[in-house]
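The figures that follow rest on heavy atoms only: side chains count, while hydrogens, waters and symmetry mates do not.
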Amino acid sequence: MIKKKFKIILLMLFIGLLQNLLSVPVAKEKDKTITLFNQKWNDEYFYLRNFDDTDTQSYLKAENQYFNRKGKTFKKLQDQIYKEMKSRIEEDEISVPYKHGKWVYYYQNIKNKAYGLHYRIDSETNQKEILLDENKLAKGKNFFSLGLFTLNQRQDILAYTVDNDGNEDYILYIKDLQTNKILKDRLYSVDEIVWIKNKASFLYTVHNNAFQSYRLFLHNLGEDPVKDKLLLEENDAAFNLSVYSSRSEEYAMIVSSSKTSCKAWCISLTNKQDSLTTIWTLKKGTEFYPDHFQGIFYSLTNENCPNYKYVQYDLSDPENYKEVYRPEENDQLLEVLHFSDYLVISERSKGVKRLRIVDRSTRDTTIPFEGIKSLTLSLGVNLDSKSDSLRFDFESNTIPLTVYQMNMRTKSLQVLKKYSPKGNFKQDDYEENTIFAVNSDSVKIPIDIVYKKSLYKEKMPCLLYCYGSYGDSEDPYFSSLRISLLDRGWVYADAHIRGGGEFGKEWHDQGKLLNRKHTFQDFILCAETLIEKSITDSSLLVINGGSAGGMIMGAVTNMRPGLFKAVVADVPFVDVLNTMMDSTMALTMPEYEEWGNPYEKEYFDYIRSYSPYDNIRFENFPHMLINAGLNDTRVKYWEPLKWTAKLRKYNQGTNLLLLKMKNNEGHSGSGDRYESIKDVAFMYSFMIWSLNH
């Protein structure tokens, strides 16, 4: 009798396992032969690029149904974590106001409202106005994101852009603040604008179907945009136009830049002329970002200085410039902000972002919080160039974002606001420090770690994050959401691998083009270092990266699937070879300077050797959560979709693989603050669940 009951139980377990396996989505395979450099290969899921294909629709539906079914596994824990996270945020919160002329501007979040409101107060009459209510703009929309928010010099007209699809294709609206009416002017695919001084007109850039910002126009309010004057057109697909106002507000600066080179022009914002003056002609590998202040032209440039320097020049002869500031060796110059009596320099020194304040007359230099490691200092809103006050932000992995105002004359500091979490958060309960992974060439890769002191022990659950691409740096930042992990005994680690910009141009160069594999090797070494130091263990290690960082997730999963317990890949750029071979796609040609042109044999072979989608083999993969957006214009939906299909085909284990495809979102996720928190809560619940399965 006991044997019979035991057999029945085994049979039920087998049937349950079989049903579970049978319920896993399976994408149809269709032969697609691709040939390049006399090499042929088959991409059986190439057809998933065709959204209208019935088989694509069927597979997408199956993945969505599978996600909805399996997602219920985490629902209780997700709800619990979401409740925790929500309890820590100030649902009713006002930003630090800033003054511009007679007006004081601020932004306010309101409890249970997904989006914020933009206000201003007349400092003379104390009258308050609502400039924009984002909740009204978002009403009835599946997606909402506010882009530009900029006023003309008289501050009586507001220009703002809205994306209602998540595809970053913004529509520009104009609001008359005197009548509180939206004007008839409607412009599409707008990227940036600069108002003409004391006139009802502005310059603006637009992008094409490939999302290349390629045209600069002049628009006069009230006129049909069809009549707008075209001032400049960029015909090289590797370059993108950008327009911004000089610090003096006397010139608009126009830059057409690739990943490594640029051209530059200026146009007066005060004169009637609407013709461009050339500042910088194209020099391969040289960047030049102009500015103007107190009658002098300046620029940030990397000519003969890979980590940038600051120069001044005469408009008649820009190449005959003289240096104003050059950072110390291995430091990187990021930004320069002019004041009448001061020069504020934002730079990165030994991987740490800091500010340097220079008195123009005495050359006396002040560096706020000098010597403190693992912090981030960023310039805030500083509109008045005649002021002695500087506003900047300060934060770290354990210190909440704090807005400071510094009197540059007296050096005194004032805290304007500290965005501390609600509840019983105590900063001293948490520890942050930096450890190093050292490779065989003695290259030291920093890993920032943060944890709760009272829960620290050997071999803790760990979330290891990275980006490591485009020379972008991952600066320490405070997250109240992250507390839900730390308070459960997790370590959060951020790997500053090569390919990023933490240590300047050379650090970036060592992780791009034919050095891209360094990023994967560095990340694996960081994971191994955390394990060797008994901070965590393979059975407790979850890794995360997004976009180009998602490429790293795919590559290291192929290389070392057994090193990680779970992988979370956000909008992952994983079908690298196919994407780089398609020059009709958005962003492809500009990316040649980061990854290489696959129509050159050397780069073709190299990209093909690491492209995550092309290097999947039969393996027992970790638990995997793949987050994607159907309207993503940067990483097209089919990249994570194809990757998921192929991973399912080659997965020889039973670990959970989930594709979370958001139908109404793009590359940056939800604009709804509550939905964004729910997404993080789901990710954390998946991670926590994975450690026990």
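- A salt bridge (Lys or Arg N to Asp or Glu O under 4.0 Å) check over residues 423-433, counting only residues at least two apart or in different chains, returns the pairs Glu431-Lys453.
- Side-chain atoms of Ser484 and Arg88 include a donor-acceptor pair closer than 3.5 Å.
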Trace of the ring pair (Phe, Tyr, Trp, His ring centres under 6.0 Å) decision for Phe149 with Tyr160: CA-CA 5 Å; Phe149 181 92; Tyr160 65 94; 7.7 Å; no
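- Summarising the local packing, CG of Asn68 is surrounded by more than 12 heavy atoms from other residues, nucleotides or ligands at distances under 6.0 Å.
- For the pair Ser547 (side chain) and Gly549 (backbone), a donor-acceptor distance under 3.5 Å is absent.
- Under 3.5 Å, the side chains of Tyr674 and Glu91 contain a donor-acceptor pair of N or O atoms.
- A distance of 4.0 Å separates NZ of Lys99 from OG of Ser123, quoted to the nearest 0.5 Å.
- Ion pair Glu639/Lys636 not flagged as a salt bridge, since none of the NZ, NE, NH1 or NH2 atoms sits closer than 4.0 Å to an Asp/Glu carboxylate oxygen.
- Taking the six-membered ring for Trp and thresholds of 30 and 60 degrees, Tyr492 and Tyr465 have nearly parallel ring planes, at less than 30 degrees apart.
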Verdict with supporting geometry, Glu594 and Lys512, salt bridge (Lys or Arg N to Asp or Glu O under 4.0 Å): CA-CA 6 Å; Glu594 185 73 17; Lys512 74 172 191 176; 5.0 Å; no
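- Counting only N and O atoms by type, the side chains of Asn631 and Asp165 include no donor and acceptor under 3.5 Å apart.
- For the residue pair Asn627/Asp679, the side-chain donor-acceptor check at 3.5 Å is not satisfied.
- Distance check: Met551 CE to Phe573 CZ gives 4.5 Å after rounding to the nearest 0.5 Å.
- Screening residues 416-438 for ring pair (Phe, Tyr, Trp, His ring centres under 6.0 Å) gives Phe425-Tyr430, Phe425-Phe478 as the qualifying pairs, with residues at least two apart or on separate chains.
- Between the Ser349 side chain and the Val352 main chain, no donor and acceptor come within less than 3.5 Å of each other.
- The closest side-chain donor-acceptor pair between Thr633 and His667, if any, does not fall under 3.5 angstrom.
- Under 4.0 Å is where a charged nitrogen must lie from a carboxylate oxygen, and between Glu528 and Arg560 at least one such pair does.
- A side-chain N or O of Ser242 and one of Glu192 form a donor-acceptor pair less than 3.5 Å apart.
- Contact check on Arg348 versus Asp331 returns no salt bridge, with no Lys/Arg side-chain nitrogen under 4.0 Å from an Asp/Glu carboxylate oxygen.
- Side-chain polar atoms of Asn135 and Asp133 form a donor-acceptor pair below 3.5 angstrom.
- Judged by distance alone, the side chains of Ser685 and Tyr82 never bring a donor and an acceptor atom under 3.5 Å apart.
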Throw together a table of side-chain donor-acceptor distances under 3.5 angstrom for residues 493-505, partners on residues two or more places apart or in other chains.
from	atom 1	to	atom 2	distance (Å)
His496	ND1	Glu474	O	3.4
His496	ND1	Glu502	OE2	3.0
His496	NE2	Asp448	OD2	2.8
Arg498	NE	Asp522	OD2	2.9
Arg498	NH1	Gln510	OE1	3.2
Arg498	NH2	Asp522	OD1	2.9
Glu502	OE2	Glu474	N	3.0
Lys505	NZ	Asp509	OD1	2.8
Lys505	NZ	Asp509	OD2	2.9

